[in-house]
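Notes follow the structure.
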Amino acid sequence: MPVATLLPFTATPNRKSASPTSFRLTEKFILLLVFSAFITLCFGAIFFLPDSSKLLSGVFFHSSAVETNTHTGPDSSDAGSAGNDDRLLAKIKKDHEKALLEAKDTLQKLPDVIQNDILADKAKVTKESMGKGAKDGNNLPFIEYHRPPGATGLEPQDPETRERRAKIKEMMKHAWDSYKRYAWGSNELRPVSKHGHSSNLFGSIKGATIVDALDTLYIMEMFEEFDAATDWVEKSLDFNVNAEVSVFEVNIRFVGGLLSAYYLSGKEVFRRKAVELGEKLLPAFKTPTGIPWALLNLKSGIGRNWPWASGGSSILAEYGTLHLEFMHLSRLSGNPEFAQKVMNIRKVLNRLEKPQGLYPNYLNPNSGQWGQHHVSVGGLGDSFYEYLLKAWLMSDKTDEEGKKMYYDALQAIETNLMRKSTNGLTYIAEWKGGLLEHKMGHLTCFAGGMIALGADGAPGDKTGHQMEQAAEIARTCHESYARTTLKLGPEAFRFDGGVEAIATRQNEKYFILRPEVIETYMYMWRFTHDPKYREWGWEAVQALEQHCRVDGGYSGVRDVYASSPNYDDVQQSFYLAETLKYLYLLFSEDDHLPFEHWVFNTEAHPLPVIRKDKTDRPNEVE
Ligand code: DMJ
């Protein structure tokens, strides 16, 4: 049917030739239109003219007010309004007197009592607003900031230590100034060619070195540099990018760095940015099991896994290294979703059968089944174990599930992966479907520090045993440095074919300024005060100065067995976040970032322990 035949007027082109019947119909229609316009006008007046409600009540509802007036007789309306005025005046007077009394009361209070009242009121408002969903990074609930103890530390007593610590600070200054000069705003610095370098791990997010270095600048009291970094974060740090990022890397460096900067400085911009980024990472968990994807497009929210990972699997060290940051994100945003996501990962893992009690590196996020049975305490596995222990410590030792998972896993590692070489070096091998590969990665060397940190809480009477294991691992990792020409550790070293703690493959001989060995020295120093750990740390400082320091910063080297350094031309952001921070703490007093108050994320970003008695948040209301 053509559209024209449906329209009454266009269907009658010549109006004069219309029949009387159709003319009358048109007239009727016009009349109808006029009438309905009139009705509309009347309703309009009722609803939209001022005081229309009164008119409405008068016209449509024979309201009780009208009825009341009829009972009071002809003059009663005036009398009624006079009575109302009196009552109103009395009420105003009463309110006024009440306000005066309250003001008097307040003036008699001590200033900090007044302050506390204000805070309690604020907290009440916060609590009310939290229920209404303060999800947007810009609309966060009020949190009263308390700096946890030990954010900065006193000068070491001993002059040599003081001098060494000052040297580390000078190294940080060189690394930072070079980055600022040649690569400001890029993710990392190319110190030899002196320009910026951007890793695809961060998509097109910029400024990894700035965010990773914030807390190191703060704890070294480099406040001018810290302020410049803060200013950059405020003005230029942008997560609205249409690019794929590594969820793990972005979490440990950016979310972790921002959280630490917030807890150290109390600056709201860091809390806001951390939550904003955290929210952008949430779509990574949209998988059938809730095990997150490794890679995520921050704009589309579409995730996927590394193409090389066994059968489309997610990686243990990646999905297992979100817990600390996400617990803090929930705490700082009032949004429980972050915590729920990471607690669900635990649930999935606890439902699975574990070969020999070990956690394979690969897990399929669709089926919830393990991929290849490869197990490692180095690459692909490492920080998962670290986060189980630290989740328990960060929860003020209330997270019993994390604790149990950690000590059970450590037992399985000891039984299946820890071995002693012919000449007595303890190492942690890798496990491939039941067969051992007698190789230990530089990354695995963090385990000395982790085992020392957990030794105190070890079940049974294993504390001493675990401290010994930690010391043995520290010794082995030191050997891996000592047995090279440059006195810097290779990426991986082997215990087979007649060698011990030496890299035998060319592609395992590089050193990229990694922190793990120094991290272990720092923990061992704190727990034992054995001076050898400071000496070993100092050896590393000298090697770094001699072989990695260049005009434009610090560079990794391609072969630690070569007679002179062949630079890789990258100053990794973790050199400033971790290596230099752990060195600085190694030469600091124990009350600088004390372990009873702070837990380090895997990128060495300190996060405060969340107190079970809420003494860290005295004004929080239940
Ligand atoms: C850091 O980014 C973190 O320590 C991570 O857990 C593993 N490796 C690098 C440094 O080597």
Side-chain angles (χ1 to χ4, degrees), residues 175 187-188 197-202 205 207-216 245-260 294 306 314-326 359 361 376-391 428 430 440-450 453 477 480-481 488-493 508 510-523 540 544 548 554-557 560 568 570-583 585 599-607:
N187 281 323
E188 286 167 327
H197 161 70
S198 276
S199 151
N200 57 3
L201 294 173
F202 315 118
I205 300 179
T209 295
I210 299 178
V211 179
D212 237 3
L214 275 164
D215 52 9
T216 310
V245 302
S246 154
V247 174
F248 160 78
E249 293 291 354
V250 163
N251 176 59
I252 65 168
R253 301 194 203 204
F254 283 89
V255 178
L258 291 165
L259 288 173
S260 281
W306 297 106
S314 301
I315 307 290
L316 182 68
E318 297 197 328
Y319 66 76
T321 311
L322 304 165
H323 197 100
L324 304 183
E325 296 81 2
F326 275 49
Y359 289 83
N361 294 336
S376 165
V377 184
L380 309 186
D382 49 6
S383 40
F384 162 71
Y385 305 100
E386 177 186 355
Y387 270 36
L388 292 176
L389 171 65
K390 290 181 176 175
I428 305 179
E430 312 227 325
M440 182 164 173
H442 191 290
L443 289 166
T444 321
C445 286
F446 90 97
M450 175 183 77
L453 180 64
C477 292
S480 78
Y481 275 51
L488 294 165
E491 180 66 5
F493 42 93
E508 292 173 348
Y510 62 87
F511 170 73
I512 56 167
L513 306 171
R514 285 198 193 278
E516 292 76 16
V517 176
I518 288 161
E519 175 181 352
T520 281
Y521 296 163
M522 192 276 294
Y523 281 102
L544 285 165
C548 299
Y554 289 84
S555 169
V557 295
V560 289
D568 69 5
V570 182
Q571 178 177 284
Q572 305 278 346
S573 77
F574 53 67
Y575 181 62
L576 293 87
E578 297 191 73
T579 313
L580 292 175
K581 185 187 286 133
Y582 285 136
L583 275 171
L585 292 174
V599 166
F600 292 88
N601 91 337
T602 195
E603 188 78 0
H605 295 306
L607 300 171

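We're numbering straight along the sequence, starting at 1. Read the numbers this way: they start at 1 and go in the same order the structure lists the ligands and their atoms. Note that the coordinates shown come from a computational prediction; the quantities given were computed from them, not determined experimentally.
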Cys548 vs Tyr575, side-chain contact (heavy atoms from CB on, under 4.5 Å): CA-CA, chis, key distance, verdict: CA-CA 11 Å; Cys548 299; Tyr575 181 62; 6.0 Å; no

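Put simply, the side chain of Gln572 reaches to within 4.5 Å of the side chain of Glu188, judged on heavy atoms. Within the 4.5 Å cutoff, the side chain of Arg514 has no heavy atoms near those of the Cys445 side chain.
For a threshold of 3.5 Å applied to N or O pairs, the pair formed by Thr602 and ligand 1 contains at least one separation below that value.
Within the listing of ligand 1, atoms 10 (C), 11 (O) sit less than 4.0 angstrom from a heavy atom of Pro515. Heavy-atom contacts of Glu578 reach the following atoms of ligand 1: 1 (C), 2 (O), 3 (C), 4 (O), 9 (C), 10 (C) (cutoff under 4.0 Å). Close contacts of ligand 1 with Leu443, meaning ligand atoms under 4.0 Å from a residue heavy atom, involve 7 (C), 8 (N), 11 (O).
In this comparison of Gln572, Glu516, Glu519, the heavy atom closest to atom 10 (C) of ligand 1 sits on Glu516.
Taking the six-membered ring where tryptophan is involved, the planes of Tyr523 and Tyr582 are tilted, since the angle between them lies from 30° to 60°.
What sits closest to atom 2 (O) of ligand 1 on the protein, heavy atoms only, is Glu603 OE1, 2.6 Å.
Here the shortest heavy-atom pairing between Phe446 and Val377 reads CE2-O, 3.4 Å.
Partner of Arg253 under the side chain to side chain contact (heavy atoms under 4.5 Å, CB included) criterion, out of Asn601, Val211, Asp212: Asp212 alone.
Residue contacts with ligand 1 for Ile512 are absent, since no atom lies close enough (heavy atoms, distance under 4.0 Å).
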